[in-house]
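Read through the structure below, which is laid out as structure tokens, and then see the notes.
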Amino acid sequence: MTLKKSLKLFMLSALITSATFAQTTPQPWPGKFLGKITSELGEEWEDVGLSLSTSIFESITDRTLFSEQFGDVRFQAKVKRRVYDNHDILDTWTVIDYFQIPMSLPIPITSEEIGFANGTVGVQLGLNLSLNAVNIRQVKPKAFAKLATIEQLTEQARQAQELSQENEEGAIIIEENDHNAQLDFKSKLKDFIEWDTDNPKTRARYSKLVNLISNPFKIPVTKKKVRKMPIGDISSYFLEGNIQLGASVGWTGIDVPASTITDAKVGLGVSTYLGGKFRVSVLKEKENIAHLKVTKERNRGVTGTLGSAEFKHEIFEGFVVLDQTIFKISDSIVPFNLVVNKERKEQFDIGYRYDLNNEKAMDAYLAATMGRLKKSDLLAQEKDSGVTKAYTRDQVAHTTNRSYRMKLSLVFEKSQGTQRKYTKAKITLGDGDEHRIFYSVNSNFKSYATLWGSSELKRHTFTSVIDKDDFDNTDKGMVLKVEGAIEDSNTNAKEISAYMAEVEFATGQHGLFKPVPKYEPLLKKLCKGAKKRGHGRRDINCQYLKLADYDKTSFFYRIGLTRNQVQKFIDFPEDKMWETLEVAFGVKEDSWQSTGRRTWHAVKNGYATFLNLPLTFFGFHLKKGGELFMARKFFKRWKKLKEEKNPEELSKKLAKLFTSTNHNLSMIKVIREALQGEKISYFLTAKADDLFGRMTKSGGQIDDVDTISYEANSKIEFDAAGSRTKVDPKASIIKFDIDVKDEDNIEITYNLAEKPKNVFIRIDQSPGWSRYKNLLKVITVESSLFERGINTIIINRNEVDGIRKKIADALFNGKYTTAYMAISLEEGKWGAVASKRFKAPDPTPLPGDDDKNEEPASTLEERER
């Protein structure tokens with residue numbers, strides 16, 4: 001988000017917020033704001049339903065069931081559900097249900113707080129304990145219930161190809177809804193009021209809501225419960241607690257004249273803490289196989305808060321009924337909040353697999369659910385005991401977090417932050433394969449959200465992985481990965497051009513995206529009287545340009561550097577570093593080549609540097625004021641990499657090198673400029689429904705060390721929050737686009753990385769408000785329709801037979817429609833799913849419709865034949 005755009009949002013939000021609580025009597029909404037809402041509803045009507053459903057879902061599934069105070073001890077019970085799209089051909093979702101019982105006991109160190117004016121100084125000791133139960137399961141839409149595995153789908157396609165019993169394209173229909181069938185009134189009514197279980201996202205959100213509360217009672221700690229546990233489900237339960245010592249200074253009772261502010265607090269403080277966690281997680285891998293992991297954590301850290309501020313105010317005073325006020329609505333304003341946290345965490349994980357049909361193994365499993373692992377360890381050393389040791393991991397992580405947050409009531413919220421994490425781990429797999437790995441992760445993000453639905457998120461992550469044994473003994477053993485993620489709910493032409501340019505430059509795929517129009521068609525607007533001529537005013541004509549709007553967009557990319565490429569970056573000549581930094585930060589050539597020129601640059605832009613200090617408290621940043629400061633830090637840290645030969649220390653310094661909130665793209669450009677001519681591995685996925693739908697592309701392969709560390713950690717962290725996405729990166733659809741040429745023809749364009757063995761196609765009705773409906777699901781085998789490279793086909797509404805007719809029947813439905821496509825190069829392995837949402841032409845008129853929809857008799861007779 002640009003500074004200009006940020007300031008506009010901030011000023012508008014501040015205006016609305018002040019208007020909200022500066023008056024105690026109802027006032028009309030500002031005209032411009034009402035116009036904005038009207039415009040948004042007019043332009044984004046189809047997305048309003050989706051946004052509303054998201055708000056309803058979050059309000060229902062993120063609740064505090066009760067909160068009680070017993071003396072100084074406070075008890076609560078909370079539930080929460082999160083859903084993650086797995087982006088696979090079955091349209092499955094990962095659903096995570098949380099049940100938490102937190103308890104807290106504040107203990108004042110002194111008998112009473114020291115007061116001065118409206119302020120207080122206090123020192124407190126806090127004890128916190130929390131019981132947690134987590135259930136993770138996979139959910140697919142009801143219409144896909146019979147599709148058990150991807151392997152079964154590809155087996156069906158293989159058999160169809162061998163037997164040649166299908167149509168000429170070799171397609172097999174998995175399931176197809178007759179969306180043109182005529183229904184009686186009773187059936188239509190039932191279809192309207194029936195819960196929409198076919199919609200995959202709806203089903204993921206609202207299926208088994210009782211599981212939010214019943215989850216703790218299903219923890220598999222008995223024979224009956226573990227055998228009843230569904231295959232693929234994960235149950236995790238843990239106890240965590242900490243003791244916290246803190247000192248704070250704050251001011252309360254701040255009066256804001258002529259406002260509805262009821263409680264104002266401002267303060268700052270520092271606290272130190274010690275904590276721990278004991279966690280048991282169970283994955284039901286097969287009917288008779290359970291995978292159990294025990295995790296022990298110890299952590300200590302210190303947290304500092306600067307300018308922590310909160311102003312509570314009433315938005316709606318509510319009604320008085322029987323001396324009680326009901327429907328009272330209040331919210332808080334956080335002008336600025338800066339938090340810094342440093343933590344050290346020790347973690348030990350150990351995992352076993354149990355054959356539940358073996359009585360000894362079952363007894364060992366039941367003991368392990370309580371954390372007693374002696375039986376498991378002994379049986380794992382015996383052959384055919386039913387217990388095998390899967391892995392152990394012993395690691396220490398050092399983390400530094402810096403975050404900023406600003407919230408203006410319900411209207412506007414902005415946050416940004418950085419996290420630098422260094423981890424030293426020793427991983428031993430079940431076969432005895434041992435790895436000593438050093439990880440360094442630097443993650444930087446910026447985001448904002450508004451009342452009317454506009455939101456934006458940018459995140460950049462720099463990760464280095466070093467396998468010590470390979471690093472010491474081979475020319476491999478190290479990789480550097482860079483990831484970028486962008487999500488924008490309301491993207492204009494300037495923004496999407498910048499996003500596409502970033503993805504192209506970072507991945508090295510220049511020219512991947514076509515240039516987009518910057519403005520909408522030129523409009524003429526009558527502007528009244530700003531100039532005087534003689535004794536009166538006259539109208540003048542003026543041109544009004546509006547930036548083109550491309551709605552919701554998202555981009556993700558990853559690049560990976562091998563050991564040799566990282567070493568080349570480290571060994572980059574020092575005398576060329578400033579020249580490279582000039583290019584990366586976009587300053588004029590020779591602006592930073594000498595100390596004198598850098599000093600002049602700093603003086604010339606001193607005003608921006610000075611303004612950045614107060615702007616920091618509002619989440620803004622002037623590029624001119626910070627670019628040289630960041631370049632100097634990067635230069636010094638870049639030089640120091642040459643001096644380091646110890647892999648552990650090198651990992652730490654790589655983590656420190658990429659610390660920045662506002663200059664992530666410049667740091668990526670430094671890497672690219674320093675490694676010109678190198679073929680760098682990459683993966684990207686982009687989504688823009690109004691332009692090209694969803695596309696993916698990949699090239700090269702990350703070094704083996706990354707594969708080893710990823711596979712090891714994915715086995716160990718099976719209980720982590722997030723999607724369970726497994727795709728073949730080679731089976732990618734570079735571009736997928738659908739263009740409605742006219743009412744009778746739809747053009748489909750797709751660029752395939754390789755000629756596929758199988759192709760999956762799905763077509764859904766997906767309007768924002770009305771009912772979701774799947775129209776077609778089909779798998780095809782090898783066909784001339786699907787060749788490597790760019791393929792373009794025209795689907796006519798009067799297609800006669802074969803897969804083209806099935807696609808035509810689904811596409812021409814008159815509703816907002818989403819088409820999906822995925823390919824596989826080998827059985828059982830599918831690539832990422834590409835998609836495109838568009839407004840489909842109306843379905844074919846049937847005999848007996850109004851005259852305006854009638855067709856010539858010859859056309860109807862030909863279609864019936």
Are the side chain of [X] and the backbone of [Y] linked by a donor-acceptor contact shorter than 3.5 Å?
X	Y	value
Glu504	Leu512	yes
Lys284	Met229	yes
Lys755	Phe786	yes
Lys777	Ile761	no
Asn796	Asn798	yes

Quick one: [atom1] on [X] to [atom2] on [Y], what's the gap to the nearest 0.5 Å?
X	Y	atom1	atom2	answer
Ser455	Leu457	OG	CG	8.5 Å
Lys815	Phe838	NZ	CZ	14.0 Å
Asp85	Ser723	CG	OG	7.5 Å
Lys552	Arg837	NZ	CZ	8.5 Å
Lys735	Asn751	NZ	CG	8.5 Å
Asn215	Arg137	CG	CZ	10.0 Å

Let me see the working for Asn135 and Ile96 under side chain to side chain contact (heavy atoms under 4.5 Å, CB included), right down to the final yes or no. CA-CA 6 Å; Asn135 177 256; Ile96 307 181; over 6 Å; no

Derivation of the side chain to side chain contact (heavy atoms under 4.5 Å, CB included) call for Met695 and Ile733: CA-CA 6 Å; Met695 69 166 68; Ile733 299 174; over 6 Å; no

Note, [X] side chain near [Y] side chain (heavy atom, < 4.5 Å):
X	Y	answer
Arg724	Gln138	yes
Glu787	Leu752	no
Phe555	Leu684	no
His510	Phe505	yes
Leu775	Asn813	yes
Met821	Val833	no
Ile746	Ile738	yes
Asp549	Leu547	no

Any side-chain donor paired with an acceptor under 3.5 Å for [X] and [Y]?
X	Y	result
Thr553	Thr491	yes
Thr94	Asn86	yes
Asn490	Asp551	no

Do NZ/NE/NH1/NH2 and the carboxylate oxygens of [X] and [Y] come within less than 4.0 Å?
X	Y	answer
Glu799	Arg804	yes
Asp97	Arg81	yes
Asp737	Lys836	yes
Asp744	Arg797	yes

What's the verdict on side chain to side chain contact (heavy atoms under 4.5 Å, CB included) for Arg694 and Ser835, showing C-alpha distance, side-chain angles and the deciding distance? CA-CA 5 Å; Arg694 177 181 291 168; Ser835 65; 3.8 Å; yes

For [X] and [Y], work out which heavy atoms get closest and say how close.
X	Y	value
Ser698	Phe683	CB-CD1, 3.8 Å
Ser732	Ile823	O-CD1, 3.9 Å
Ala204	Val95	O-CG2, 3.5 Å
Pro517	Ala548	O-CB, 3.7 Å
Leu825	Pro756	CD2-CA, 4.0 Å
His460	Gly484	CD2-CA, 4.1 Å

State whether the number of non-hydrogen atoms from other residues, nucleotides or ligands found under 6.0 Å of Ile790 atom CD1 is greater than 12.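 Atom CD1 in Ile790 is not packed in, count stays at 12 or less.
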
Any chance NZ of Lys494 has more than 12 other-residue heavy atoms, nucleotides or ligands included, within less than 6.0 Å?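 Check fails, neighbour count at 12 or below.
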
Under the side chain to side chain contact (heavy atoms under 4.5 Å, CB included) rule, what do Val516 and Ser497 come out as? Steps first, then yes or no, please. CA-CA 7 Å; Val516 300; Ser497 296; 3.6 Å; yes

Name all residues meeting the side-chain hydrogen bond (donor to acceptor under 3.5 Å, both in side chains) criterion together with Tyr750; count only those two or more places apart in sequence or in a different chain, and write none if there are none. none

Just one of Leu811, Asp764, Ile803, Ile763 clears the side chain to side chain contact (heavy atoms under 4.5 Å, CB included) bar with Leu776, so which one? Ile763

Under the side-chain hydrogen bond (donor to acceptor under 3.5 Å, both in side chains) rule, what do Tyr550 and Asn492 come out as? Steps first, then yes or no, please. CA-CA 6 Å; Tyr550 293 100; Asn492 63 39; over 6 Å; no

Member of Gln509, Glu502, Glu483 meeting the side-chain hydrogen bond (donor to acceptor under 3.5 Å, both in side chains) criterion with Tyr557: Glu502

Please confirm whether Phe513 and Phe692 have ring centers closer than 6.0 angstrom. yes

Residue list, salt bridge (Lys or Arg N to Asp or Glu O under 4.0 Å) with Glu747, at least two apart or on another chain: none

